[in-house]
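Below: one structure, written as structure tokens.
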Amino acid sequence: MRVLFLSLLFIATLNSKPIWKLRIPDSLFSIQHVQFSTNAYDRENNIVYAFGRNHLFAIHLDTYRIDSITWKSTIPLGDKFTLDNQGKRILFGLGGKKAKYAVDVNTCEVTLYSNHREDEESHYAALYWNDRNQSLGYFGGYGFYSLKNWAVEYEGNGNWVTVHPNIDNCNPPKRSHTNLILGHPDKPHLYVLSGFGSCSGNQLEQECKDGLGIWNDLGSWCWLRDLFLYDYEQYTFKRIIGPHENSINMEGIGAYDYHTNTLYIVGGRLPHIIGNNKRDDSFQNKVLRLRIGKDKAFKNITTGTKGMKQTTWYEQHNYCAFYNPKRKSLIWFRSDGLWELSLK
């Protein structure tokens with residue numbers, strides 16, 4: 001009888017699915033008009049930073065406490081922001097070489113980081129902090145009808161240095177609006193996940209020859225459906241999967257579990273693909289998983305989503321997700337609250 005009970009318990013354990021649990025309801029913290037950054041996460045102290053409603057928010061994932069400080073500057077946040085964890089400051093500003101600012105995460109005092117330079121080629125470039133040489137960098141961007149795949153870093157005294165050139169080798173394809181995903185904390189690694197662009201970056205191209213396309217205002221972009229590793233010490237990119245990987249069946253936010261070398265896509269949407277007359281604007285309450293070095297494709301993970309709302313993409317457009325290394329879980333900021341999924 002005991003053997004039968006243990007066997008049934010073992011089978012039930014194998015068949016059980018992880019369940020999303022609500023940690024902070026939207027009544028206590030709404031993400032409406034709040035901006036997140038996938039690399040503004042202090043993993044040592046387990047604090048996610050976000051801006052919105054004229055405040056800087058610090059979300060403590062150990063206790064689910066939320067601190068807020070009033071924004072003390074008339075300077076707008078800009079396109080992107082990132083965290084200098086050692087310096088306890090957030091760097092922000094408009095794209096490329098335009099003026100960048102630093103805000104102290106404890107006082108919210110804003111100071112100038114780099115002087116303004118005109119730059120019409122790097123709109124919506126992704127920001128990152130290089131903790132090896134203590135400098136701010138950006139990747140990609142858009143301007144003059146083209147996207148870029150360059151990486152540029154600030155070396156001080158008004159000088160920005162191109163550390164990876166803008167080249168048409170598709171390693172990686174060119175893009176903007178990228179959410180750079182934190183890699184292993186002991187390595188100079190960031191992950192670049194999907195988005196829209198092309199190998200040439202030419203906005204005037206009228207089709208995506210090798211994959212699925214979406215219209216822009218003058219031509220088309222490819223839905224990239226890829227994953228690259230960026231080494232910001234060697235300034236190299238390594239292809240992990242894609243472009244045009246069919247198992248990436250939604251455009252979403254990535255989170256990297258460095259304990260198991262696994263990349264997750266948490267939630268997402270279905271882009272409006274050229275030639276597909278059926279438009280689906282629903283938000284996908286799904287999780288995709290790629291065990292890097294083991295899996296040849298992303299796989300859907302069955303999870304319990306009881307209590308999660310089924311919404312349109314537009315209600316979740318500013319959502320964000322992270323891997324919590326202390327609890328070995330996924331964290332999901334949504335319009336209906338902060339949710340957690342244990343990966344243990």
Side-chain angles (χ1 to χ4, degrees), residues 34-52 54-62 65-117 119 122 125-139 151-161 163-164 178-191 230-235 256 258 320 322-326 331:
V34 171
Q35 184 175 344
F36 292 92
S37 170
T38 47
N39 55 15
Y41 176 23
D42 177 354
R43 292 183 289 188
E44 182 179 346
N45 295 298
N46 221 12
I47 301 173
V48 170
Y49 292 97
F51 283 96
N54 204 37
H55 283 78
L56 168 64
F57 295 99
I59 301 101
H60 299 257
L61 297 184
D62 285 340
R65 186 182 86 248
I66 301 173
D67 296 331
S68 64
I69 307 176
T70 302
W71 187 243
K72 298 180 180 180
S73 174
T74 58
I75 300 169
L77 182 61
D79 301 332
K80 299 285 185 179
F81 64 94
T82 190
L83 175 67
D84 168 13
N85 191 39
Q86 184 177 350
K88 301 301 179 188
R89 59 181 180 170
I90 286 173
L91 288 304
F92 69 94
L94 294 174
K97 302 176 181 66
K98 294 182 179 180
K100 299 293 183 295
Y101 300 88
V103 54
D104 188 293
V105 299
N106 294 313
T107 65
C108 222
E109 296 292 339
V110 177
T111 56
L112 182 68
Y113 175 80
S114 65
N115 290 320
H116 181 79
R117 287 177 56 183
D119 185 350
S122 305
L127 290 179
Y128 67 91
W129 181 254
N130 188 327
D131 54 13
R132 295 308 198 257
N133 60 18
Q134 302 300 304
S135 65
L136 180 67
Y138 66 84
F139 163 73
V152 183
E153 292 187 354
Y154 186 69
E155 67 172 10
N157 300 318
N159 295 321
W160 290 88
V161 178
V163 294
H164 181 276
T178 302
N179 293 303
L180 295 174
I181 303 162
L182 293 171
H184 196 290
D186 297 330
K187 299 177 182 179
H189 289 171
L190 293 165
Y191 285 92
Y230 174 44
D231 184 319
Y232 56 80
E233 187 171 56
Q234 301 298 321
Y235 303 118
Y256 176 68
Y258 60 84
C320 203
F322 302 90
Y323 171 67
N324 183 342
K326 290 191 175 182
I331 297 296

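None of these values were measured; they are calculated from a predicted model.
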Flag yes if more than 12 heavy atoms outside [X] fall under 6.0 Å of its [atom1] atom; otherwise flag no.
X	atom1	result
Lys187	NZ	no
Glu155	CD	yes
Asn54	CG	yes

Please list, chain by chain and in numerical order, all residues satisfying side-chain contact (heavy atoms from CB on, under 4.5 Å) with [X], sequence neighbours excluded.
X	value
Ser122	Asp119, Ala125, Tyr138, Trp150
His116	Lys98, Ala99, Glu118
Phe51	Leu56, Trp71, Leu77, Phe81, Ile90, Val103

Nearest 0.5 Å, what's the [atom1]-[atom2] distance between [X] and [Y]?
X	Y	atom1	atom2	value
Gln86	Glu44	CD	CD	10.0 Å
Ile331	Asn46	CD1	CG	8.0 Å
His184	Tyr191	NE2	OH	9.5 Å
Leu180	Asn39	CG	CG	5.5 Å
Ile69	Asn106	CD1	CG	6.5 Å
Asp104	Glu109	CG	CD	7.5 Å

Hey, does [Y] have a side-chain heavy atom less than 4.5 Å from the side chain of [X]?
X	Y	value
Asp131	Asn85	no
Arg117	Trp160	yes
Asn133	Tyr232	no
Tyr101	Ser73	no
Val110	Phe92	yes
Glu153	Leu136	no
Arg43	Leu182	yes
Asn130	Pro188	no

Which heavy atom in [X] sits nearest to a heavy atom in [Y], and how many Å separate them?
X	Y	answer
Thr82	Trp129	OG1-N, 3.7 Å
Gly93	Leu127	N-CD1, 4.5 Å
Asn45	Lys88	ND2-NZ, 3.3 Å
Asp79	Gly95	OD2-N, 3.1 Å
Tyr41	Leu83	C-CD2, 3.7 Å
Tyr113	Ala102	CB-N, 4.3 Å

- prompt: Would Cys320 and Thr38 count as a side chain to side chain contact (heavy atoms under 4.5 Å, CB included) if you check the C-alpha gap in whole Å, the side-chain angles of each, and the deciding distance to 0.1 Å?
  reply: CA-CA 7 Å; Cys320 203; Thr38 47; 3.7 Å; yes
- request: Kindly say whether Val152 contributes a backbone atom to a donor-acceptor pair with the side chain of Lys97 at under 3.5 angstrom?
  value: no
query: Between Tyr230 and Tyr128, what is the ring plane arrangement, given parallel below 30°, perpendicular above 60°, and tilted in between?
result: perpendicular
